[in-house]
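In what follows, residues are counted from 1 in the order of the sequence shown. Only heavy atoms go into these numbers, but all of them, side chains included; no hydrogens, no water, no symmetry mates.
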Amino acid sequence: MRYNYLCVEQSLFHVDIGNYISFGIALNDSNNIQFSDVSCEKESVESLVAVLNNFQVEPSRVKSLIEDLLY
């Protein structure tokens, strides 16, 4: 199975800061796994998506990579 991760733009709201734009990660398959509100920096998420696609990272490992690389 080949994974195809995507950077997705999200319009979100938080009571402390109001409306804001963030970027998440979706997996384009029948499961449509999505990691919401990864970063407000589009370039960071796009870079991570490129790594996920290049190395075909298992979906179960994505959350830990997000935490390690972006936080």
Side-chain angles (χ1 to χ4, degrees):
M1 170 185 243
R2 180 141 174 89
Y3 300 114
N4 182 32
Y5 293 96
L6 306 167
C7 177
V8 291
E9 183 175 314
Q10 300 173 293
S11 296
L12 302 173
F13 176 82
H14 189 279
V15 294
D16 292 334
I17 61 173
N19 293 323
Y20 67 101
I21 300 294
S22 185
F23 298 89
I25 299 174
L27 180 57
N28 191 20
D29 73 355
S30 60
N31 295 324
N32 197 21
I33 299 167
Q34 188 170 359
F35 301 92
S36 183
D37 201 7
V38 173
S39 176
C40 292
E41 297 178 15
K42 183 177 184 179
E43 295 80 17
S44 296
V45 179
E46 287 176 332
S47 294
L48 179 55
V49 164
V51 169
L52 296 173
N53 285 326
N54 287 339
F55 290 100
Q56 288 297 287
V57 176
E58 292 285 329
S60 62
R61 306 284 297 148
V62 174
K63 183 177 178 183
S64 61
L65 282 173
I66 291 170
E67 292 169 350
D68 291 346
L69 296 174
L70 298 178
Y71 298 111

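The 12-atom threshold is not exceeded at CD of Glu41, counting heavy atoms of other residues, nucleotides or ligands nearer than 6.0 Å. For Phe55, the CZ atom counts as loosely surrounded, since its 6.0 Å shell holds 12 or fewer non-hydrogen atoms of other residues, nucleotides or ligands.
Expressed to the nearest 0.5 Å, how far CG of Leu52 lies from SG of Cys7 amounts to 11.0 Å. Taking CG of Asn28 as the reference point, atom CZ of Arg2 lies at 12.5 Å (rounded to 0.5 Å). Here the CG-OH distance, from Leu27 to Tyr3, works out to 7.5 Å after rounding to the nearest 0.5 Å.
Between Val45 and Phe35 there is no side-chain heavy-atom pair separated by less than 4.5 Å. With a 4.5 Å cut-off on side-chain heavy atoms, Val38 and Phe23 do not count as touching.
Scanning all heavy atoms of the two residues, the minimum distance from Cys40 to Ser22 falls at N-OG, 4.1 Å.
Judged by distance alone, with hydrogens and angles left aside, the side-chain atoms of Ser11 form no donor-acceptor pair with the main-chain N or O of Ile21 at under 3.5 Å. Side-chain N or O atoms of Gln10 include one that pairs as donor or acceptor with a backbone N or O of Asp37 at under 3.5 Å. Side chain of Tyr5 to backbone of Val57: a donor-acceptor contact under 3.5 angstrom is found.
No option in Val8, Leu6, Ile66 other than Ile66 meets the side-chain contact (heavy atoms from CB on, under 4.5 Å) test with Ile25.
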